[in-house]
Amino acid sequence: MSDVLYWAPITSCLGRFAATVDAMGRLLSFDLRACTVAPNGTREDRAALADIQQQISEYENGSRRNFDVVRAARGTPWQMRVWDALCEIPYGATWSYGALAKALGKPKSARAVGLANGQNPIGLIVPCHRVIGANGSLTGYGGGLPLKRALLEHEARHGGRRDSLFG
């Protein structure tokens, strides 16, 4: 197995992103604040990330609600449980940190869920943007709150909601 990592910018009307995959095509990271040059230790290769670019384009036009990628993000067992649970939040829906903690069988672990959520290296693909405060407020997001709002409104619009999530 090769240790080569491939990186490419991902273009979208939703933002400028970048992704990194390993030699087997497994997604290691999806950077919500893309840089314009390949990080050290990676090779720029748009072809290696063409499927991810295609899936982002489909998400952007409303024809994709779930991503079909093999994820290989590194994290603690708890973080990986939280990241897997994030993928269970339906498209266009939002859950609070407490609701996610309860779904994981740890109802008093909302803060731990928030910390793991904040360490998600595959934002958007692993939809951490769907987690909001208990009072319905937008809370921190690696891509910034304007992007979080845009993603939630995009999903509401393409998911059949006519009203805005934010009044």
Side-chain angles (χ1 to χ4, degrees), residues 1 5 7 10 12 14-15 17-22 24-35 39 41 49 51-52 55-56 58-60 62-161 163-167:
M1 183 169 98
L5 302 179
W7 170 94
I10 304 295
S12 167
L14 297 166
F17 310 121
T20 303
V21 297
D22 65 14
M24 295 174 20
R26 299 177 305 176
L27 185 62
L28 299 170
S29 68
F30 191 87
D31 188 349
L32 297 168
R33 295 180 186 230
C35 55
L49 287 110
D51 181 57
I52 291 169
Q55 290 190 44
I56 291 297
E58 292 166 357
Y59 173 84
E60 173 182 87
S63 65
R64 175 173 292 277
R65 294 181 177 208
N66 299 299
F67 293 95
D68 182 23
V69 298
V70 176
R71 296 179 282 126
R74 294 183 181 99
T76 67
W78 170 252
Q79 288 171 329
M80 307 240 333
R81 276 188 68 201
V82 171
W83 301 338
D84 287 343
L86 290 168
C87 293
E88 300 301 316
I89 302 173
Y91 179 93
T94 57
W95 289 6
S96 68
Y97 295 97
L100 191 54
K102 192 178 291 185
L104 287 165
K106 302 280 188 181
K108 296 184 180 191
S109 298
R111 286 182 189 227
V113 163
L115 289 172
N117 193 46
Q119 295 297 313
N120 173 16
I122 306 177
L124 181 56
I125 305 284
V126 174
C128 52
H129 61 278
R130 296 180 187 155
V131 182
I132 60 174
N135 65 358
S137 64
L138 292 185
T139 55
Y141 188 59
L145 292 181
L147 176 58
K148 183 172 188 164
R149 175 183 294 269
L151 293 172
L152 292 173
E153 288 186 339
H154 168 80
E155 290 186 8
R157 203 171 36 256
H158 288 283
R161 285 183 67 144
D163 59 321
S164 170
L165 292 172
F166 309 107

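Keep in mind it's a predicted model, so treat the numbers as computed, not measured. Computed from heavy atoms alone, side chains included, the values below leave out hydrogens, waters and symmetry copies.
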**Asked** Hey, is the main chain of L14 close enough, under 3.5 Å, to the side chain of S12 for a donor-acceptor pair?
**Response** yes
**Prompt:** Side-chain donor-acceptor pair under 3.5 Å between N135 and S137, yes or no?
**Reply:** yes
**Request:** Look up atom CG in D22 and atom CG in L27, then write down how far apart they are to the nearest 0.5 Å.
**Result:** 9.0 Å
**Request:** Please report the shortest heavy-atom distance between G41 and L5, naming the atom on each side.
**Result:** O-CB, 3.9 Å
**Sequence-distant partners of Y141, side chain to side chain donor-acceptor pair (under 3.5 Å), two or more places apart** = none
**Asked** Do L152 and I132 come close enough that some side-chain heavy atom pair is under 4.5 Å?
**Response** yes
**Message:** Donor-acceptor check, side chain of S109 to backbone of A101, threshold 3.5 angstrom: yes or no?
**Reply:** no
**Which atom of L100 lies closest to which atom of L86, heavy atoms considered** = CD2-CD2, 3.6 Å
**Fill in**
dist E60:CD -> L151:CG (nearest 0.5 Å) comes out at 11.0 Å
**Parallel, tilted or perpendicular: rings of F67 and Y59 (30°, 60°)** = tilted
**Request:** Verify the ring-centre separation between Y91 and H158: is it less than 6.0 angstrom?
**Result:** no
**Asked** For the atom pair CG (L32) and CZ (F17), what is the distance rounded to the nearest 0.5 Å?
**Response** 6.0 Å
**Item:** Closest approach of A110 to Y97 (non-hydrogen atoms, all atoms of both residues)
**Value:** O-CB, 3.8 Å
**Request:** Kindly indicate whether the side chain of I122, heavy atoms from C-beta on, has any atom under 4.5 Å from the side chain of W83.
**Result:** no
**Message:** To check you understand the geometry: which heavy-atom pair defines the closest contact between S96 and A134, and what is its length?
**Reply:** CB-CA, 3.9 Å
**Complete:** Rounding to 0.5 Å, atoms CD1 (I125) and CD1 (I10) come to a distance of 8.0 Å
**Item:** Shortest non-hydrogen contact between L104 and A85, atoms and distance
**Value:** CD2-CB, 3.7 Å
**Message:** I'd like to check V113 versus V131 (side-chain heavy atoms, cut-off strictly below 4.5 Å). Are they in contact?
**Reply:** no
**Atom pair CG/CD of L49 and Q55 - distance to nearest 0.5 Å** = 11.5 Å
**Asked** Just how far is it from atom CG of L115 to atom CG of N120, taken to the nearest 0.5 Å?
**Response** 13.0 Å
**Asked** Any idea which heavy atoms bring R130 and I89 closest together, and the distance?
**Response** NH1-O, 2.8 Å
**Message:** Please determine whether side chain to side chain contact (heavy atoms under 4.5 Å, CB included) holds for the pair D84 and R71, giving the CA-CA distance in whole Å, both sets of side-chain angles, and the decisive distance to 0.1 Å.
**Reply:** CA-CA 10 Å; D84 287 343; R71 296 179 282 126; 3.1 Å; yes
